[in-house]
Number of protein chains: 2
Amino acid sequence: MIFSKKCEYAIKALIHLCINSDTDTRLNITEISDSIESPMHFTSKILQELVRHKIVSSSKGLGGGFFLNNQQKNIPILEVIDIIDGKELLSQCGLGLKKCSSKNPCPIHNEFVKYSEQLKQALSTKSISVLSLGVAKGTNFIINQKEEIL
Amino acid sequence: MIFSKKCEYAIKALIHLCINSDTDTRLNITEISDSIESPMHFTSKILQELVRHKIVSSSKGLGGGFFLNNQQKNIPILEVIDIIDGKELLSQCGLGLKKCSSKNPCPIHNEFVKYSEQLKQALSTKSISVLSLGVAKGTNFIINQKEEIL
DNA sequence: ATATAAAAAGACAAAACTGTCTTATTTCTT
DNA sequence: AAGAAATAAGACAGTTTTGTCTTTTTATAT
């Protein structure tokens, strides 16, 4: 697994929120965790973290819930990954060396840099809303499809 | 971190063994873990696992230790990664979906497949001995260099 | 044979990750 | 003002990963 479970749930929740929420349609945590098939309280913690980082909006009280405003829907997914799993995840040396660099490369440095830069590039140009398009259209999925649907 | 600590230590130990051991020069676990700066007993467990998978050779008793024969030095590093971290690591869906595929892709499926296939390809063509060349020559490193050396 | 040096194996412990439960706080509606 | 519905926060528990310590087994040399 490249990403942590936290990060997987974060991405799924954001896509679900992007499709189903807006400034005046808020989703509560029960709805969200049921929809993306994630543990409720754990997901709640993750969303709280994203709220603190202004990736997600929330409001308490009756009629409240989590939602994304239009600006938040355009946040690149890489930003979320960096917040949840740390910028190191996709930048770090494959052998865990702190001082690995092009000047002092580990034996797999070049392969790693080449491919991780590509992946970072791809993820930095995909916003939450872009990733949501296919899901909204039904061509991409964020939960496992049942046999009958396959 | 893409690889587990176990896997990082495994790769480092193998490169160290590739350079410094052969059928009649064996290294004991103290020498190995000191050289690659890894926890001794943990490294010992990892090497035992690799011995069971015939990636590493070992002999007990006085003058014994761990070593690689020539055939073992030519094993692709991907094989080691698959054993230690599981084949899933570089094949699995970025969102953790069990049924993610080109027919039922998650929103980041294409980016991930492209990236992981390239990385797997690169790692499947690099043997332990190939990775060791630069380390033996001093152009690549498996432990952090001290400031003075930088 | 005995001592020694080594890997192998097993039990345990600490830390990180994942997940659950309970309580507090806020906001809306009546 | 009170009640209800929601997030926020904190304490706790299970699991996996990482790391340590001790004992057992094996092989070698004396």
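Side-chain atoms are counted along with the backbone in the values below, which use heavy atoms only and exclude waters and symmetry mates. Letters A, B, ... are given to chains in the order of the sequence lines, protein chains preceding strands, and every chain is numbered from 1.
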Output the rounded distance in Å from CD (A/E49) to P (D/dT7). 17 Å
Using a heavy-atom cut-off of under 4.0 Å over every strand shown, decide if B/Y9 touches base, sugar-phosphate, or nothing. sugar-phosphate
Relative to the 5' end of DNA chain C, which residue comes earlier, A/T43 or A/G64, by the nucleotide with the nearest heavy atom? A/T43
A/S21 side chain vs A/C18 backbone, donor-acceptor pair below 3.5 Å: no
Can you tell me how far P of D/dT20 sits from CD1 of B/I46, to the nearest Å? 12 Å
Under the ring-ring contact (aromatic ring centres under 6.0 Å, His included) rule, collect the residues that match up with A/F66, sequence neighbours excluded. none
With sequence neighbours left out, which residue pairs that include part of residues 74-116 of chain A fulfil the ring pair (Phe, Tyr, Trp, His ring centres under 6.0 Å) condition? A/F112-B/F3
Check DNA chain C against residues 23-38 of chain B and give the residues with a non-hydrogen atom under 4.0 Å, in numerical order. B/L27, B/N28, B/I29
What does the inter-axis angle of the helix from C/dA1-D/dT30 to C/dT30-D/dA1 come out as, five pairs per end, nearest 10 degrees? 10°
Taking only residues two or more places apart in sequence, or in another chain, which ones meet B/E49 in a salt bridge (charged side-chain N to carboxylate O under 4.0 Å, His left out)? B/K6
Can you measure B/K6 atom NZ to D/dT18 atom C1' for me and round it to whole angstrom units? 10 Å
The criterion is side-chain contact (heavy atoms from CB on, under 4.5 Å); which residues satisfy it with A/N74, sequence neighbours excluded? A/S127, A/S129
So do the side chains of B/L14 and B/L50 get within less than 4.5 Å of each other, counting heavy atoms only? yes
Listed partners of A/K54 passing side-chain hydrogen bond (donor to acceptor under 3.5 Å, both in side chains), at least two apart: none
Kindly state each residue pair satisfying ring pair (Phe, Tyr, Trp, His ring centres under 6.0 Å) with at least one member in residues 72-106 of chain A, sequence neighbours excluded. none
Enumerate the residue pairs fulfilling ring pair (Phe, Tyr, Trp, His ring centres under 6.0 Å) with a member in residues 9-58 of chain A, sequence neighbours excluded, ordered by first and then second residue. A/Y9-A/F42
Residues pairing under salt bridge (Lys or Arg N to Asp or Glu O under 4.0 Å) where one sits in residues 115-126 of chain A, two or more places apart or in two chains, turn out to be A/E117-A/K120, A/K126-B/E111
Picking from D/dA5, D/dA29, C/dT18, the nucleotide nearest the side-chain atoms of B/L62 would be D/dA29
Only counting residues at least two apart or in another chain, list the ones meeting side-chain contact (heavy atoms from CB on, under 4.5 Å) with A/L62. none
For B/M40 and C/dA8, what is the distance between atoms CE and P respectively, to the nearest whole Å? 14 Å
Specify the separation, in whole Å, of atom CZ of A/F3 and atom C1' of C/dC17. 17 Å
Where along nucleotides 8-16 of chain D does protein come under 4.0 Å, by heavy atom, of base (B) or sugar-phosphate alone (S), with - for untouched nucleotides? BBBB-----
What is the nucleic acid contact for B/G63, judged by heavy atoms within less than 4.0 Å: base, sugar-phosphate only, or nothing? nothing
